[in-house]
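Structure first, then comments.
Since the structure is predicted, the reported quantities are computational estimates derived from the model, not experimental observations. Below, chain A is the first sequence line, B the second, and so on; all start at residue 1.
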Protein chains: 2
Amino acid sequence: MARWQPNAAERLVAAALDLFAERGYENTTVIEIAERAGLTKSTFFRHFADKREVLFGADAMSGLLVDGIIAAPDTATPLDAVAHALDAIGREAFTPDRREFGARRRAVIAANPELREREALKGRGLTASMIDALRRRGVPDLASRVAAELGALTLAIAYERWSDPTNGDEFGEVARRTLGDVQTASALCSRSTTPFTPPRSAEWTSAHPGPGSAFSRHRRESHHP
Amino acid sequence: MARWQPNAAERLVAAALDLFAERGYENTTVIEIAERAGLTKSTFFRHFADKREVLFGADAMSGLLVDGIIAAPDTATPLDAVAHALDAIGREAFTPDRREFGARRRAVIAANPELREREALKGRGLTASMIDALRRRGVPDLASRVAAELGALTLAIAYERWSDPTNGDEFGEVARRTLGDVQTASALCSRSTTPFTPPRSAEWTSAHPGPGSAFSRHRRESHHP
DNA sequence: TCAGCGATGGGACTTGGTCCCATCACTATA
DNA sequence: TATAGTGATGGGACCAAGTCCCATCGCTGA
């Protein structure tokens, strides 16, 4: 029988991905997944905490990110350290041979709210890991949170771009380019949108002496608690 | 009977929050929640899509954020528009009378992974809404994503700070201060980390001299296990 | 040959969640 | 006053996710 055949977990993942792609996540039963893998419901839950986890189980990313951030040179800025970690992910996790799998997985997750929810949680976990690693580098609290958030955004966008079949670049390249884009975009966030307005006129800077006062003129419009 | 008593949904929320706080989310049954509210399982699921949603149902935030961002003056930068939206949330959603509820809710959510997962998904939804609203302002794609992400981070931190019982400020103030802190921290992400060199002393303080600004207040550490 | 061990099978059980229909209270209209 | 309509509720059957416990299988080593 199927008993004692190796790679039970991998077989379950493959079976699940196939079935999810065929008939959708919610129209697929754990028992069906297990049967296609030549196993049973019991064994499924022995390998994965729940039905969603079958697409998120092999998750060494957190460790890779932490190690990558910590291993970055002392002179690296917080976002440099994040870039260093993204490189590690490109070498260890998102290798070229996994691109197709990544694309299928991404499509399945995008099609189901329950899976998107799990993905969101995993994202928070990765962000938390990066915050922790950055703090250990001596980066101040808030800067760690912001850098980790930008890192998570970069990771998400880079994964989108990399798993696109028309893209032939390695993940490391994609990620670095993406991080550059994010940094550029970040600089735009505190600048006026309209390209031809003077970005930092006298009035603007004087009206913006400290955090949060830029829109002090907009507040107090209506006060009815 | 309890039938036809008004505010069924509110009673369910109150009952759920009480029970979750008493014995924990996973040790509480939907039937128990319904019974404490004088209702039944059927009615519970008529008001809320699932068990988690009872703590996330009253969710007008997305609309408030979108409207606030769109209503911001044309001259506002992306993050100014976000600030404008956060102000609206302070007036419409996170009113002072809801602080205690917010604190209890936050504690319950923090104690349970399933609820944290839902919270993460809701956060993604808010971010998506902000991205959309910013795009409608003409903000470029990537800048929208970054600004929305920073806005979501600001909202999360501001909610943490505001729901703290020792905090007496209104949400709008807290959010404004938080956004300033986030912007400041954002600038550090591409700068060298070393803590005892320039940024802290001269350059830092002279660039942001606001009296009640930045890190002088609310030194609360945020922990991520 | 046998004992130990880890992975699997299997079934009972609880709970979240869906579905459908009966029931109740209120309202409008004749 | 009677009656039909409407919307919210109760109730139970039903399915799938997830837990628990124990039996069973195949391998390994003595």
Side-chain angles (χ1 to χ4, degrees), chain A residues 1-20 22-58 108-109 111-119 121-122, chain B residues 1-20 22-58 108-109 111-119 121-122:
Chain A
M1 281 298 142
R3 235 188 210 196
W4 304 126
Q5 280 186 354
N7 309 325
E10 289 177 25
R11 273 154 49 212
L12 286 167
V13 172
L17 193 56
D18 284 349
L19 288 170
F20 293 166
E22 279 177 25
R23 49 178 102 157
Y25 173 84
E26 50 248 351
N27 297 321
T28 304
T29 290
V30 169
I31 296 183
E32 293 169 340
I33 299 172
E35 276 177 355
R36 173 168 297 207
L39 296 167
T40 66
K41 184 183 162 191
S42 297
T43 306
F44 180 96
F45 285 111
R46 200 168 288 117
H47 284 281
F48 304 102
D50 56 51
K51 187 182 171 188
R52 302 156 213 86
E53 203 65 10
V54 70
L55 290 189
F56 298 89
V108 167
I109 292 173
N112 181 272
E114 224 171 311
L115 292 173
R116 286 202 302 271
E117 186 170 22
R118 177 57 49 88
E119 192 182 40
L121 183 66
K122 293 290 180 179
Chain B
M1 280 314 205
R3 237 189 207 196
W4 303 126
Q5 280 186 354
N7 309 324
E10 290 176 24
R11 273 154 49 213
L12 286 167
V13 172
L17 193 57
D18 284 349
L19 288 170
F20 293 167
E22 279 175 24
R23 48 179 104 155
Y25 174 84
E26 50 250 347
N27 297 322
T28 303
T29 291
V30 170
I31 295 183
E32 292 169 340
I33 299 171
E35 276 177 356
R36 172 167 299 205
L39 296 168
T40 65
K41 184 184 163 191
S42 297
T43 305
F44 180 96
F45 285 111
R46 200 169 287 117
H47 284 281
F48 303 102
D50 56 51
K51 186 182 171 188
R52 301 158 214 88
E53 202 65 10
V54 71
L55 291 189
F56 298 90
V108 167
I109 293 174
N112 181 274
E114 224 172 310
L115 292 173
R116 286 202 302 271
E117 186 170 22
R118 177 57 50 87
E119 191 182 42
L121 183 66
K122 293 290 179 179

Euclidean distance, atom [atom1] of residue [X] to atom [atom2] of [N] [Å, nearest integer]:
X        : N       : atom1 : atom2 : result
Ile33(B) : dT15(C) : CD1   : P     : 13 Å
Phe20(B) : dG16(C) : CZ    : C1'   : 12 Å
Ile31(A) : dC15(D) : CD1   : P     : 12 Å
Lys51(B) : dT15(C) : NZ    : C1'   : 8 Å
Phe44(A) : dT19(D) : CZ    : P     : 11 Å
Tyr25(A) : dA17(D) : OH    : P     : 8 Å
Leu39(B) : dG10(D) : CG    : P     : 5 Å
Arg23(A) : dA16(D) : CZ    : P     : 12 Å

Please list, for nucleotides 18-20 of chain C, all pairs of protein and nucleotide N/O atoms separated by less than 3.5 Å.
none

Report task. Establish, with yes or no, whether the OP1 or OP2 oxygen of dT8(C) is under 4.0 angstrom from a side-chain nitrogen or oxygen of Thr43(A). Result -> no
Query - Any residue meeting salt bridge (charged side-chain N to carboxylate O under 4.0 Å, His left out) with Glu35(A), in chain and number order, not counting sequence neighbours - result: none
Report task. Whenever both distances are under 3.5 Å in a Watson-Crick or G-U wobble pair, mark it; put DNA chain C into dot-bracket that way, with [ ] for crossing pairs and | when the partner is on another strand. Result -> ||||||||||||||||||||||||||||||
